[in-house]
Amino acid sequence: PFWHLFLMISFPKHTCLSTPSQFAALQNFGKYGVEILVKFRSSEELQALSAHRQSGGERSVSTMLYLMALQEITKCPFRAVDEINQGMDPANERRIFDLIVQTASQPNTSQYFLLTPKLLQNLNYSPAVRVHIVANGQEMVKYSEWNMDSFLI
């Protein structure tokens with residue numbers, strides 16, 4: 001569940017169904033929503049996840065954990081995540097990557113495609129993970145100068 005994933009990376013959270021306040025609107029399911037309450041610092045109270053309260057990295061962490069929690073109740077052959085690590089600080093990026101590797105390495109789970117222009121060095125991989133690097137552009141390091149050992153353990 002979502003709360004379990006948040007606790008695994010040491011952040012409390014709570015989710016609830018947001019319902020309309022007026023009785024007439026109760027029949028309009030378009031007015032319902034999911035409200036995610038999070039806190040990233042011990043000195044804060046739980047707050048609704050929004051574009052105005054949390055940083056981009058905090059929203060990325062919350063979104064990724066929510067998507068990973070949903071996969072426990074939905075089945076599909078693969079999942080594609082595009083640049084979810086953008087805006088994350090290195091500690092959270094490493095935590096989320098570790099959870100993705102741990103989740104994707106389980107038997108009978110979906111494949112993950114993580115598309116990103118950057119990865120931290122010395123991330124933890126499992127034998128079940130395959131990394132494909134596509135490099136393109138004038139500013140890219142030449143293949144002969146690329147230090148693969150700094151990215152793969």
Side-chain angles (χ1 to χ4, degrees), residues 1-18 32-153:
F2 186 46
W3 63 268
H4 177 71
L5 292 172
F6 247 82
L7 290 177
M8 285 179 70
I9 64 168
S10 304
F11 298 126
K13 72 97 234 99
H14 177 71
T15 55
C16 60
L17 179 64
S18 174
Y32 284 70
V34 175
E35 185 173 58
I36 299 173
L37 304 175
V38 297
K39 76 178 203 174
F40 288 89
R41 288 158 209 79
S42 60
S43 61
E44 294 178 346
E45 295 295 320
L46 285 170
Q47 298 178 350
L49 184 64
S50 76
H52 306 291
R53 291 191 180 142
Q54 291 83 20
S55 70
E58 291 168 343
R59 289 192 311 273
S60 292
V61 167
S62 302
T63 300
M64 193 61 208
L65 293 176
Y66 185 69
L67 291 173
M68 291 176 75
L70 284 178
Q71 91 173 23
E72 293 181 13
I73 57 173
T74 59
K75 300 295 179 198
C76 66
F78 67 89
R79 301 183 187 279
V81 182
D82 185 18
E83 297 188 26
I84 194 69
N85 57 338
Q86 299 305 301
M88 284 186 199
D89 62 79
N92 282 330
E93 183 176 349
R94 191 170 300 280
R95 288 176 179 138
I96 292 299
F97 187 84
D98 286 346
L99 282 174
I100 291 172
V101 168
Q102 178 184 354
T103 301
S105 298
Q106 298 299 315
N108 303 315
T109 191
S110 302
Q111 292 181 350
Y112 268 84
F113 295 91
L114 174 62
L115 309 171
T116 182
K118 69 165 185 87
L119 280 176
L120 296 174
Q121 293 185 354
N122 300 316
L123 290 170
N124 296 316
Y125 296 89
S126 83
V129 171
R130 300 291 177 261
V131 177
H132 299 277
I133 299 173
V134 177
N136 191 9
Q138 295 178 356
E139 303 298 320
M140 298 303 297
V141 174
K142 293 179 183 172
Y143 181 78
S144 60
E145 300 171 11
W146 185 258
N147 183 358
M148 187 63 71
D149 290 335
S150 69
F151 284 92
L152 303 177
I153 297 175

Student check: side-chain heavy atoms of Asn92 and Asn85 closer than 4.5 Å
no

Shortest non-hydrogen contact between Leu99 and Leu65, atoms and distance:
CD1-CD2, 3.6 Å

Which atoms form the tightest heavy-atom contact between Leu119 and Leu123, and what is the distance?
CD2-CD1, 4.0 Å

For residues 45-54, which side-chain N or O atoms pair as donor and acceptor with protein atoms under 3.5 Å away, sequence neighbours left out?
{"residue": "Ser50", "atom": "OG", "partner": "His52", "partner atom": "N", "Å": "3.2"}
{"residue": "Ser50", "atom": "OG", "partner": "Arg53", "partner atom": "N", "Å": "3.3"}
{"residue": "Gln54", "atom": "OE1", "partner": "Ser50", "partner atom": "N", "Å": "2.9"}
{"residue": "Gln54", "atom": "NE2", "partner": "Ala48", "partner atom": "O", "Å": "3.4"}

For Tyr112, the ring pair (Phe, Tyr, Trp, His ring centres under 6.0 Å) test, sequence neighbours excluded, returns none

When you compare the side chain of Leu115 with that of Glu83, does any pair of heavy atoms fall below 4.5 Å?
no

Are Tyr125 and Val131 close enough that some pair of their side-chain heavy atoms sits under 4.5 Å apart?
yes

Rounded distance (nearest 0.5 Å) linking atom CZ of Arg94 with atom CG of Leu120
5.0 Å

Can you run down the salt bridge (Lys or Arg N to Asp or Glu O under 4.0 Å) pairs that involve residues 96-120, sequence neighbours left out, and say none if there aren't any?
Glu93-Lys118

Side chain to side chain, Glu58 and Val38, heavy atoms closer than 4.5 Å:
no

Closest non-hydrogen atoms of Ser105 and Val101, given as atom of the first, atom of the second and distance, are OG-O, 2.6 Å

Interatomic distance, CE@Met64 vs CZ@Arg95, rounded to 0.5 Å, equals 15.5 Å

Validation row: Gln86, Ser60 side chains within 4.5 angstrom (heavy atoms)
no

Heavy-atom distance under 4.5 Å between the side chains of Leu67 and Arg79, does that happen here?
no

Can you confirm whether Ile100 sits close enough to Val129 that some side-chain heavy atom of one is under 4.5 Å from a side-chain heavy atom of the other?
no

